[in-house]
Amino acid sequence: MFELFYPDLILDSIYHIELESLHKNQIKGLIIDIDNTLVAWDIKEADELSMQWIKRMKENGIRVCLVSNNTRDRVIKFNEQLQLFAVHSANKPTKRPFLKALKHLETHPSQTAVIGDQIFTDVWGANRLNMFSILVTPISPKEFPLIRIKRFFEKKVLKEYHARHEK
Ligand SMILES: [Mg+2]
């Protein structure tokens, strides 16, 4: 019953995503969340790890953009050095920010992966448009109360997901 919330892939970190697995799944574009996916939500600027990883993706022909529910200021500051196409205040899981990103990437939804740490924004948004969804473990365990409530429901979805995938 939770299929729309099921990720196609679950990883401990975005930095564990390998080029080979993207190629294998014919992924040519990435739509990436910022907070707790690329960096902890309280880190203001892109760090060395995120910059190097994104650089490596781009060098290998993978198109990359950012889609964040966070504010304009947060996204602009984070993107200062990366200079990627970025959508702020995205209101994920609505389709609009993802459609904007797809238009920029010029990739078909089936060739595009959404990477994020939240089921009800990143994974759901990806699945609604039939994109490949990759769920990563949130970088920082310290989160706002509203997100902690969502985590409670995420756990229920993941429990069922794992139960089904172990059959
Ligand atoms: Mg996030």
Side-chain angles (χ1 to χ4, degrees), residues 2 4-17 21-22 27 29-55 57 62-102 104-105 109 112-159 161-162:
F2 291 136
L4 256 181
F5 302 136
Y6 289 169
D8 292 301
L9 190 63
I10 299 180
L11 294 169
D12 285 338
S13 163
I14 187 171
Y15 304 111
H16 293 175
I17 297 174
S21 85
L22 295 180
I27 302 298
L30 301 178
I31 297 174
I32 309 177
D33 171 54
I34 299 175
D35 295 336
N36 264 347
T37 296
L38 279 170
V39 293
W41 59 268
D42 54 349
I43 301 294
K44 295 200 168 23
E45 291 170 32
D47 58 9
E48 199 53 36
L49 185 62
S50 56
M51 288 197 286
Q52 288 303 326
W53 188 85
I54 286 169
K55 187 165 166 249
M57 290 296 135
I62 305 288
R63 296 175 186 180
V64 181
C65 71
L66 304 173
V67 173
S68 169
N69 279 356
N70 213 326
T71 62
R72 180 174 182 273
D73 286 356
R74 191 311 185 236
V75 174
I76 286 177
K77 184 77 189 158
F78 180 81
N79 196 26
E80 219 161 52
Q81 301 217 49
L82 292 167
Q83 291 294 310
L84 295 169
F85 178 82
V87 182
H88 61 80
S89 321
N91 210 12
K92 293 178 276 185
T94 60
K95 290 180 182 175
R96 201 183 149 94
F98 293 110
L99 291 172
K100 250 192 209 175
L102 282 168
H104 175 81
L105 293 172
T112 312
V114 175
I115 309 163
D117 68 301
Q118 288 197 52
I119 286 179
F120 301 117
T121 56
D122 306 303
V123 171
W124 190 12
N127 290 350
R128 290 181 75 189
L129 288 166
N130 294 314
M131 293 188 279
F132 193 81
S133 49
I134 303 177
L135 180 70
V136 297
T137 306
I139 292 175
S140 166
K142 287 179 285 169
E143 292 181 305
F144 292 109
L146 180 66
I147 295 186
R148 291 217 300 272
I149 292 167
K150 288 203 272 183
R151 297 288 181 210
F152 172 81
F153 292 102
E154 285 187 345
K155 272 188 198 144
K156 290 192 179 296
V157 174
L158 286 175
K159 201 175 153 195
Y161 171 91
H162 287 301

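When a ligand or atom number is given, it counts from 1 through the structure's own listing order.
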Report yes if some heavy atom in the side chain of F98 is under 4.5 Å from a heavy atom in the side chain of M131; otherwise report no.
yes
Any salt bridge linking D42 with R74? Criterion: basic side-chain nitrogen under 4.0 Å from a carboxylate oxygen.
no
Residues that [X] engages under side-chain hydrogen bond (donor to acceptor under 3.5 Å, both in side chains), provided they are two or more places apart:
X    : result
N70  : D35
N79  : none
T121 : none

Atoms of the protein (N/O/S only) found under 2.8 Å from the Mg ion (ligand 1)
D33 OD2, D35 O, D117 OD1
Centroid-to-centroid, F120 to F5, below 6.0 Å?
yes
